[in-house]
Protein chains: 4
Amino acid sequence: MRAAEVPARGRIDKRQAILDAAFAVFARLGYEQACVREIAAEAGVAKPTVYNHMSDKEALLRESLLLAADRVGAQCLDAVERLRDPGADLPAALDDTARRLLRICAGETSHALRRLTSAQANRLPELVLDVRDRTGARTLDALTDRLGLLALSGKLSTTDPATAAEQFLALLTGPLENRSAQGTRKVAAAEQRAIAAAAVRTFWAAYGSGDRT
Amino acid sequence: MRAAEVPARGRIDKRQAILDAAFAVFARLGYEQACVREIAAEAGVAKPTVYNHMSDKEALLRESLLLAADRVGAQCLDAVERLRDPGADLPAALDDTARRLLRICAGETSHALRRLTSAQANRLPELVLDVRDRTGARTLDALTDRLGLLALSGKLSTTDPATAAEQFLALLTGPLENRSAQGTRKVAAAEQRAIAAAAVRTFWAAYGSGDRT
Amino acid sequence: MRAAEVPARGRIDKRQAILDAAFAVFARLGYEQACVREIAAEAGVAKPTVYNHMSDKEALLRESLLLAADRVGAQCLDAVERLRDPGADLPAALDDTARRLLRICAGETSHALRRLTSAQANRLPELVLDVRDRTGARTLDALTDRLGLLALSGKLSTTDPATAAEQFLALLTGPLENRSAQGTRKVAAAEQRAIAAAAVRTFWAAYGSGDRT
Amino acid sequence: MRAAEVPARGRIDKRQAILDAAFAVFARLGYEQACVREIAAEAGVAKPTVYNHMSDKEALLRESLLLAADRVGAQCLDAVERLRDPGADLPAALDDTARRLLRICAGETSHALRRLTSAQANRLPELVLDVRDRTGARTLDALTDRLGLLALSGKLSTTDPATAAEQFLALLTGPLENRSAQGTRKVAAAEQRAIAAAAVRTFWAAYGSGDRT
DNA sequence: CATGAATGAGGTTTCATTCAT
DNA sequence: TATGAATGAAACCTCATTCAT
């Protein structure tokens, strides 16, 4: 039993190592510039071993991006889910969620995902959509749910929680993209907090439940 | 006179043709996938002629992107400048500007610029910044100016026009990016109008001059 | 055992084949005119295989020249070493060595070595020196040793065996270069013998041990 | 008359400038590596102007080499002609000629000639011969004449002045080539004098007129 | 299953050379 | 006659991918 399991585990580990190496190299060099030899070297395996696990360089990109997208998406979901029980001070809860989302979106992984998908948008549009489903869209759906429930309970004032959610996220990612120059510059934590505060302020002005803070 | 002008004009035209062809091919295939032979063919010249005008494939990218960025930036600037004399109905003026900006940002040129710069963000960070200076940053600065003057004249309520401008643009580009899936899908004009309307509504809620509409 | 040896042997053979092909093509066309495709074809391998063994076209030149230089140098050394036991008739032994050296220096390999190193003397001066160390300098050192011992045993009359050796070789290579016009013409065996005879005559007049023959 | 001469003179000057530039660039980079653009730049003219004067890159090589060869040959001839009236001390006169020849052969022009002809020996054998006719062969013939006359007047002891001349030159150029490593190293004047002295000593031992010095 | 070796294809770039001015 | 611009050809090198071991 163990004897049969160990190689399977080893195989899975090797697959993980290859995908992680692939994402790292793709993020560093871009898809076309990255060469399979370097990915294999970074994963600590030989080049044909990569082809034993993944059929193609394109598959390598797809799988590694989807894996990274799942991780980022899970983090975003976690940040949004904290709005499930916002407590008395809803703006504070929104600010907390905003800061968490900004930290994720300002991370190197998020920028790499954006860059790699953008670069392939013409050649592999489904990949863009698949990644989007696992990150932005997933986050947006969850946030729409949260905001909808908050509206139902009277804590927010909107009849269109989808647009509200979209704008909440836009007020975060827009300024972040602007400040980071598409990931070229780092955005300091203090600046992230300022963005979050401004976003929450504007969002609350538009969707707050009547009582101005 | 004409006889002396023709060659210079011919040279300029050829340079223009090369840069236009370069942008078209880069936009279609991406930087690495694009090959100089195809650019030359699209420009109607021989391959070495391209190298007579531009030293490098990289220079070809840089020059063609900066040219496109200037064009897009000029359009954006024009849209923003319309806020100089907003008339009595400021929200309507904002809506008009918003629609114009959205139409520009939803265009193929804008998406290509975004994609091509993103893809080279690691290798050529200055290029990202140079393009940004000519498009987003320029637009943002102009909008900041406009909003600041409107605030001075009491038509808007904010002490931080830079953030207001940043958020105005974020409320446009964020949802647009979301709907278009990084340029993968077309965003219909009606949808663009809805985005603009929602953006102006939220913006006005936050920065309107007291009298709620 | 055999099964393990075969692949290594095969690799070595392929490397040998590549280097031999490289030398042949370089000798035929010169360094710049020679193209890697032709070398690969002559070696019976594909072009990238050449690059799998040698990093560069320049490395290809270097390695193939050094290999040929080692071969030529070994032949020259062998000719000189025959002076170790010259027998009673030293001029005859010198003549024998002279003829052997001339035959080597008149060979296509020697001329090719000279041409290829000369052509790269500005760009790759160390290569010139490395080849020289393995051919001329090596021969000169060995001959200096032989002549020095002969002088010690009273069979030659000189206190400067290095110069004697240098002149002995000069009396061979100088006229050979002159007659062959830098390798452009073949020098017949009879002509080689005449050169050798004249060289030995002059050498013996200058360094003979007193008794004229 | 002047009006007709001036352009002709200008044309000749331009041709000279082009040939000089060609030789300089060929000497610096080798034939294949040298590009016509650089030659034109060094000559201070435009590229097509070069082609107006010389039909080919190959003609450029040929003409510039022959010009340089004529110059070097004239210098050698001058050195040899000094043996026409050797005075009482013939070895001293030979030493003087030897030193002069060595200085010429150690010059950058001579080495460049050797390198450039060697490199093209396979492709352009006639060029090698033409250059040789204007340099080494011309010198050898003149020296043969001088030595023949000296032998007739009893100042030298040989019945084969051609071989004597060949060996005299060999005793100079052989050691020079050896020390300079095919022009890679400079050979100091003192070393040149030592080579000349040793050459004359050996030559005189073989061909001196009976009275040993 | 993992690997060293090999390959076919293709890209960027440079160069000698020639028109039109 | 001298030149700026243009071109056809070709070379080096790299890469993704596949056999034998």
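Chain identifiers are assigned alphabetically (A, B, ...) following the order of the sequence lines, protein sequences preceding nucleic acid strands; residue numbering begins at 1 within each chain. Nothing here was measured: the structure is a model prediction, and the numbers come from that model.
In this structure, Thr109(C) OG1 and Leu65(C) CG are separated by 11.0 Å, a value rounded to the nearest 0.5 Å. Between the CG atom in Leu61(A) and the CG atom in Leu19(A) there is a gap of 11.0 Å [rounded to 0.5 Å]. A distance of 11.5 Å separates CD1 in Ile39(B) from NZ in Lys47(B), rounded to the nearest 0.5 Å.
Taking 3.5 Å as the limit, the base of dT7(E) and the side chain of Lys47(C) contain no donor-acceptor pair of atoms between them. Evaluation of atom-type donor-acceptor distances gives no pair under 3.5 Å for the side chain of Asn52(C) against the base of dA5(E).
Backbone-only engagement by Ala34(D) is indicated by non-hydrogen atom pairs under 4.0 Å involving sugar-phosphate atoms exclusively.
Here dC12(F) presents its C1' atom at 15 Å from CD of Glu32(D), a figure rounded to the nearest Å. Separating the CE atom of Met54(D) from the P atom of dA16(E) is a distance of 15 Å, rounded to the nearest angstrom. For Glu58(D) and dA16(E), the CD to P distance is 13 Å, given to the nearest whole Å. As rounded to whole Å, 8 Å separates atom P of dC15(E) from atom CD of Gln33(D). As a whole-Å value, the separation of Phe26(C) CZ from dA11(F) P is 13 Å. Rounded to a whole Å, the CD atom of Glu38(B) is 16 Å from the P atom of dT13(E). What separates CZ of Arg15(D) from P of dA2(F) is a distance of 13 Å, to the nearest Å. Leu60(A) has its CG atom 15 Å from the P atom of dC15(F), to the nearest Å.
For the OP1/OP2 pair of dA5(E) and a distance below 4.0 Å, the side-chain nitrogens and oxygens of Thr49(C) include no atom meeting the criterion. Dashed line: the shortest gap from a side-chain N or O of Lys57(D) to OP1 or OP2 of dT17(E) is not under 4.0 Å. Using a 4.0 Å cut-off, no side-chain N or O of His53(D) falls inside it from OP1 or OP2 of dT1(F). The side chain of Arg37(C) places no N or O atom within less than 4.0 Å of a non-bridging phosphate oxygen (OP1 or OP2) of dC12(F). Taking 4.0 angstrom as the limit, Lys14(B) places none of its side-chain polar atoms (N or O) nearer than this to OP1 or OP2 of dA5(F).
Residue Gly44(C) is the one, among Tyr51(B) and Gly44(C), whose nearest nucleotide of DNA chain E lies closer to the 5' end (criterion: closest heavy atom).
The pair Glu32(C)-Lys57(C) fails the salt-bridge criterion, with no side-chain N (NZ, NE, NH1 or NH2) lying under 4.0 Å from an Asp/Glu carboxylate O. Between Glu108(B) and Arg28(B) there is no salt bridge, since no side-chain nitrogen of the basic residue lies less than 4.0 Å from a carboxylate oxygen of the acidic one.
When Watson-Crick and G-U wobble pairs are counted only if both distances are under 3.5 Å, dA16(F) pairs with dT7(E). Nucleotide dT21(E) forms a Watson-Crick or G-U wobble pair with dA2(F), both donor-acceptor distances falling under 3.5 Å.
Nearest approach of Pro125(A) to Thr184(B), heavy atoms of both residues: CB-CG2, 3.6 Å.
Minimum atom distance to the side chain of Pro48(B) is reached by dA9(F), of the listed dT18(E), dA9(F), dT3(E). Set against dC13(F), dT17(E), dT13(E), the side chain of Asp56(D) has dT17(E) as its closest nucleotide.
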